[in-house]
Amino acid sequence: MTPPSPSATTTAAGPCLVEGRGELSYAVVQALRSGGPPVYATRSVLKADPWGEDLQLALYLLYELHYRGFDGVDDEREWDPELLRLRQSMETRVLHALRTELPDAPRTIEEAFAPLLVEPVDLSGSLSHHVETEGELWQLREYAALRSLYHLKEADPHAWVIPRLTGRAKAAMVAIEFGAGRADRIHAQLFADLMADLGLDPAYGRYLDRASAPLLATVNLMSLFGLHRALRGALVGHFACVEVTSSPGSRRLAKAMRRCGAGPSAVHFYAEHVEADAVHEQVVRHEVIGGLLADEPDLEADIAFGCAATVLLEDRLASHLRKAWDQGRSALRSPLPGP
């Protein structure tokens with residue numbers, strides 16, 4: 001007998017499971033609901049689109065067991081060997097796809113980060129420039145709903161690298177990511193306040209069912225890098241890429257929030273990142289990256305790869321959003337209700 005689907009509400013125990021979008025994600029959902037192993041064809045992972053809805057949702061659901069889990073799902077499933085075996089095969093598929101799409105990925109810090117330190121002359125393809133100059137409130141709400149899957153766990157996957165760092169790199173990472181020890185300055189809380197200003201539900205994982213594969217891929221990348229010690233360099237590259245590129249984009253998004261009357265907390269989230277991340281950029285480059293390379297110089301190519309992979313998936317997400325919005329339609333799998 002199939003167990004009943006969880007209710008549509010999110011509880012303190014964790015967010016609710018969503019329905020699958022294909023064979024792999026359906027197998028994960030059924031396994032988590034029933035307590036049994038995932039049932040799927042052996043070659044399903046090899047045949048799946050590594051960037052498609054099915055594989056990316058399945059991977060997201062399995063990663064979420066390491067964060068807050070799901071309502072009604074036993075916490076012990078986090079280390080279920082059958083689920084881990086499926087996760088490993090999907091991770092191998094994604095890493096292969098990343099390396100295939102980045103055959104000429106930079107191998108040095110200079111090659112990876114130099115292009116990110118220069119403001120492009122032509123901003124027509126920039127998502128943040130679009131919302132700054134032309135964006136509408138409904139688009140900002142969609143953007144926030146999607147990004148909530150990222151920002152409400154923003155520091156968590158990066159935290160996994162902390163025990164894998166030492167000295168300068170570890171100290172700088174902790175100082176940047178956790179609000180200097182103040183709960184009210186943790187990025188996830190500031191983003192929850194932004195969502196409330198936009199009339200969105202700030203509950204963790206609330207908009208998972210509306211998020212499409214390009215967004216899920218950006219969140220999964222953090223988890224993939226964070227959960228593997230062998231990929232610690234790539235995670236530092238991801239973290240550094242986010243910090244280096246944050247300030248200009250945050251400035252434009254703060255202007256967009258003001259222009260559209262989004263509310264003070266919505267403006268504040270991005271406004272406070274403008275100056276803070278400009279400082280963080282220097283700390284990341286000199287202390288996090290510099291400290292890690294002083295300890296483990298062989299990780300330079302991995303750091304560069306992490307940066308390149310981040311740019312690739314963020315650009316793909318931006319293209320997905322722009323294509324939908326330019327056509328006057330929602331970029332979500334189902335539109336949001338009005339505020």
Side-chain angles (χ1 to χ4, degrees), residues 105-119 128 150-191 218-219 221-251 253-254 268-314:
R107 299 189 59 80
T108 69
I109 301 302
E110 177 64 23
E111 287 178 306
F113 288 95
L116 305 180
L117 299 174
V118 179
E119 185 81 359
S128 60
Y150 179 105
H151 284 301
L152 294 181
K153 62 155 57 79
E154 183 175 358
D156 297 342
H158 293 146
W160 280 318
V161 83
I162 292 171
R164 298 160 184 171
L165 302 176
T166 59
R168 290 163 52 200
K170 174 178 283 192
M173 194 82 180
V174 172
I176 291 171
E177 277 293 71
F178 293 97
R182 290 178 52 186
D184 62 335
R185 295 199 48 84
I186 291 177
H187 290 174
Q189 181 57 55
L190 294 178
F191 197 80
T218 66
V219 183
L221 187 70
M222 293 195 298
S223 300
L224 170 61
F225 290 164
L227 280 166
H228 293 271
R229 182 178 177 275
L231 296 173
R232 62 195 180 279
L235 184 64
V236 167
H238 176 283
F239 172 70
C241 180
V242 171
E243 294 296 326
V244 166
T245 58
S246 173
S247 188
S250 292
R251 183 178 64 252
L253 285 162
H268 175 69
F269 178 83
Y270 290 110
E272 77 93 29
H273 277 68
V274 175
E275 292 187 14
D277 287 349
V279 175
H280 291 168
E281 174 199 324
Q282 299 299 315
V283 177
V284 168
R285 291 168 62 197
H286 296 293
E287 299 302 317
V288 179
I289 292 178
L292 178 57
L293 289 180
D295 294 334
E296 301 185 85
D298 291 344
L299 291 182
E300 182 168 10
D302 288 349
I303 297 172
F305 173 75
C307 175
T310 303
V311 171
L312 175 71
L313 296 191
E314 288 293 335

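Hydrogens, waters and symmetry mates are skipped; everything else that's a heavy atom, side chains included, is used.
- Proximity of Val219 to Lys153: side-chain heavy atoms (C-beta onward) are separated by under 4.5 Å at one or more points.
- Residues Val274 and Ser247 approach most closely at O-OG, 2.6 Å, considering heavy atoms.
- The nearest pair of heavy atoms linking Cys241 to Val311 is SG-CG2, 3.7 Å.
- Taking CZ of Arg164 as the start and CG of Leu292 as the end, the distance is 12.5 Å to the nearest 0.5 Å.
- For residues 230-250, the set of pairs meeting the ring pair (Phe, Tyr, Trp, His ring centres under 6.0 Å) definition, not counting sequence neighbours, comprises His158-His238, His158-Phe239.
- When all heavy atoms of Val244 and Pro248 are compared, the pair lying nearest together is O-CD, 4.5 Å.
- Here CD1 of Ile289 is found 11.5 Å from CG of Leu299. Values are rounded to the nearest 0.5 Å.
- For the atom pair Tyr150 OH and Asp156 CG, the distance stands at 11.5 Å (nearest 0.5 Å).
- A salt bridge (charged side-chain N to carboxylate O under 4.0 Å, His left out) check over residues 285-299, counting only residues at least two apart or in different chains, returns the pairs Arg168-Glu287, Arg232-Glu296, Glu281-Arg285.
- Closest heavy-atom contact between Asp302 and Ala230: OD2-O, 4.3 Å.
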For this session: Go through the steps for Cys307 and Leu116 under the test side chain to side chain contact (heavy atoms under 4.5 Å, CB included), then give the verdict.
Result: CA-CA 10 Å; Cys307 175; Leu116 305 180; 3.5 Å; yes

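- Distance CG/Leu235 to NE2/His228: 11.5 Å, rounded to 0.5 Å.
- Scored by the ring pair (Phe, Tyr, Trp, His ring centres under 6.0 Å) test, Phe191 finds His151, Phe269 as partners (sequence neighbours excluded).
- Glu243 contributes atom CD, which lies 7.5 Å from atom NE2 of His273 (distance to the nearest 0.5 angstrom).
- At a threshold of 4.5 Å between non-hydrogen side-chain atoms, the residues His187 and Glu272 count as touching.
- A heavy-atom distance below 4.5 Å is found between the side chains of Ile303 and Phe113.
- Residues Leu231 and Leu224 come closest through the heavy atom pair CD1-O, 3.7 Å.
- Heavy atoms only, all atoms of each residue included: Pro297 and Ala294 are closest at CD-O, 4.4 Å.
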For this session: Test side chain to side chain contact (heavy atoms under 4.5 Å, CB included) on Ile109 and Leu293 and set out the steps.
Result: CA-CA 10 Å; Ile109 301 302; Leu293 289 180; 3.8 Å; yes

